[in-house]
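The structure appears right after this line, and notes come after that.
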Amino acid sequence: MVDREKIQAAVKMMLEAIGEDPERAGLLDTPDRVARMCEEMFGGLNEDPGVHLSKQFDAPDSEMVVERDITFYSTCEHHLLPFFGKVHIAYIPDGKVAGLSKLPRAVEVFARRPQIQEQMTVQIADAIEEFLSPKGVMVMVEAEHTCMTMRGVKKPGARTITTAARGVFRDDFERQRLFLEMIAK
């Protein structure tokens with residue numbers, strides 16, 4: 001759980017450290033707003049993706065399932081700045097499929113943590129593998145990182161792409177190609 005009082009004190013100290021007056025009218029409620037924002041943005045720290053992925057349905061003859069363009073917002077653990085983009089997921093069921101809303105909910109669990117994109121990609125693939133037990137899973141994440149676009153190198157529009165492949169996707173380049181074609185449309 002988020003400790004609101006600690007966050008409020010820290011925000012007040014940060015405002016003072018940058019030369020602002022935390023008692024100024026426009027900033028009076030800022031420490032509380034930031035504390036509430038942290039509860040929302042980091043709520044995934046206390047969530048289990050299995051809660052979402054456990055809702056499954058029989059589908060004995062299913063082939064590849066692709067859910068693409070799952071929008072996410074996360075926070076870079078190095079700079080505490082946002083990164084955001086799309087997650088694309090493919091899996092080959094082994095008799096069971098997840099409810100359609102469950103994959104985006106699982107993505108949210110991992111996105112709502114201080115995070116790096118590379119690890120988030122792996123965590124999503126591992127959770128789907130663990131809870132759905134598919135024949136294979138592949139995850140691609142495309143994101144823009146504000147720690148790189150609004151500060152530092154300052155290259156807006158630069159996107160980072162990461163992938164993770166499990167099971168039959170790991171070495172089956174034809175399946176990987178098919179997945180990439182499906183998400184490119």
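On a predicted model such as this, the values are computed, not experimentally measured, just so you know. One-based numbering along the sequence shown.
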- [ ] Go through L15 and R24 one step at a time and tell me if the side-chain contact (heavy atoms from CB on, under 4.5 Å) criterion holds.
- [x] CA-CA 11 Å; L15 290 170; R24 180 168 67 79; over 6 Å; no

Open item on the list: Please evaluate residues D58 and K96 with respect to the criterion side-chain contact (heavy atoms from CB on, under 4.5 Å), reporting the C-alpha separation (whole Å), side-chain torsions for both, the decisive distance (0.1 Å), and the verdict.
Closed with: CA-CA 5 Å; D58 289 331; K96 298 256 187 207; 2.7 Å; yes

Open item on the list: With side-chain contact (heavy atoms from CB on, under 4.5 Å) as the criterion, how do L103 and L53 come out once you've worked through the C-alpha distance, each side chain's angles and the decisive distance to 0.1 Å?
Closed with: CA-CA 7 Å; L103 295 175; L53 295 173; 3.9 Å; yes

Open item on the list: Go through it in stages, so that I can follow the logic: the residues are Q56 and L132, the test is side-chain contact (heavy atoms from CB on, under 4.5 Å), and I'd like the CA-CA distance, side-chain angles, deciding distance and then a yes or no.
Closed with: CA-CA 8 Å; Q56 299 174 19; L132 295 182; 3.3 Å; yes

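By the criterion of side-chain heavy atoms lying less than 4.5 angstrom apart, applied directly or through intervening Ile, Leu, Val, Met, Phe, Trp or Tyr residues, M41 is grouped together with V34 in one hydrophobic cluster. Cluster annotation: F169 is not connected to V122 through the hydrophobic network of ILVMFWY side chains, with a link wherever side-chain heavy atoms come within less than 4.5 Å. Note on F131: it clusters hydrophobically with V139, by side-chain heavy-atom contacts below 4.5 Å among ILVMFWY residues. In the hydrophobic clustering of ILVMFWY residues, with side-chain heavy atoms under 4.5 Å counting as a link, Y73 and I70 come out apart. Follow the hydrophobic side-chain contacts under 4.5 Å out from I92 and you reach L178 in the same cluster.
Exactly one residue among H145, E142, M148 makes a side-chain contact (heavy atoms from CB on, under 4.5 Å) with R159. That residue is E142. For the side-chain contact (heavy atoms from CB on, under 4.5 Å) criterion with M182, the lone passing option out of M64, R68, R177 is M64.
Of all heavy-atom pairs between P22 and E16, the closest is CG-CG, 3.5 Å. The two residues Y91 and I128 make their nearest non-hydrogen contact at CB-CG2, 4.4 Å. Counting all heavy atoms, side chain and backbone alike, F179 lies closest to I89 at CE1-C, 3.8 Å. Heavy-atom minimum distance, G157 versus E144: N-OE2, 3.5 Å. Residues T71 and E108 approach most closely at O-OE2, 4.0 Å, considering heavy atoms. Nearest heavy atoms, A98 versus K102: CB-CB, 4.3 Å.
Enclosure of atom CE in M37 by more than 12 non-hydrogen atoms of other residues, nucleotides or ligands within 6.0 angstrom is indicated. Counting heavy-atom neighbours within 6.0 Å of I18 CD1, excluding the residue itself, gives a total above 12. E181 CD: more than 12 foreign heavy atoms inside a 6.0 Å radius.
In this structure, the side chain of R112 does not engage the main chain of L45 through any donor-acceptor pair within 3.5 Å. T149 places no side-chain N or O within donor-acceptor distance of the main-chain N or O of P156, the cut-off being under 3.5 Å. A donor-acceptor distance shorter than 3.5 angstrom exists from the side chain of R151 to the backbone of C147, with no hydrogens or angles considered. Side chain of R166 to backbone of A125: no donor-acceptor contact under 3.5 angstrom is found. R113 places a side-chain N or O within 3.5 Å of a backbone atom of G44 that can act as its donor or acceptor partner. Checking side-chain atoms of T146 against main-chain N and O of P82 turns up a donor-acceptor pair under 3.5 Å. With hydrogens and angles disregarded, no donor-acceptor distance shorter than 3.5 Å links the side chain of E39 to the backbone of V2.
Note that CD of Q115 and CD of Q123 are 4.5 Å apart. Values are rounded to the nearest 0.5 Å. Within the model, atoms CD of Q176 and CG of D171 stand 8.0 Å from one another, a figure rounded to the nearest 0.5 Å. Between K86 atom NZ and I183 atom CD1 the span is 12.0 Å, to the nearest 0.5 Å. Considering NZ of K6 and SG of C38, their distance stands at 13.5 Å, rounded to 0.5 Å. Rounded to the nearest 0.5 Å, atoms CD (E118) and CE (M120) are 10.0 Å apart. The distance from the CG atom of D126 to the CD atom of Q119 is 8.0 Å, given to the nearest 0.5 Å.
Counting heavy atoms from C-beta outward, Q117 and F72 have side chains that stay 4.5 Å or more apart. Two residues are said to be in side-chain contact when any heavy atoms from C-beta on lie closer than 4.5 Å; P49 and V109 meet this criterion. Put simply, the side chain of E67 does not reach to within 4.5 Å of the side chain of V87, judged on heavy atoms. Contact of the D32 side chain with the Q8 side chain is registered, since non-hydrogen atoms from C-beta on lie closer than 4.5 Å. Side-chain contact between I161 and M140 is present, with at least one heavy-atom pair separated by less than 4.5 Å.
With respect to the salt-bridge test (charged N to carboxylate O, under 4.0 angstrom), the residues E23 and K12 qualify.
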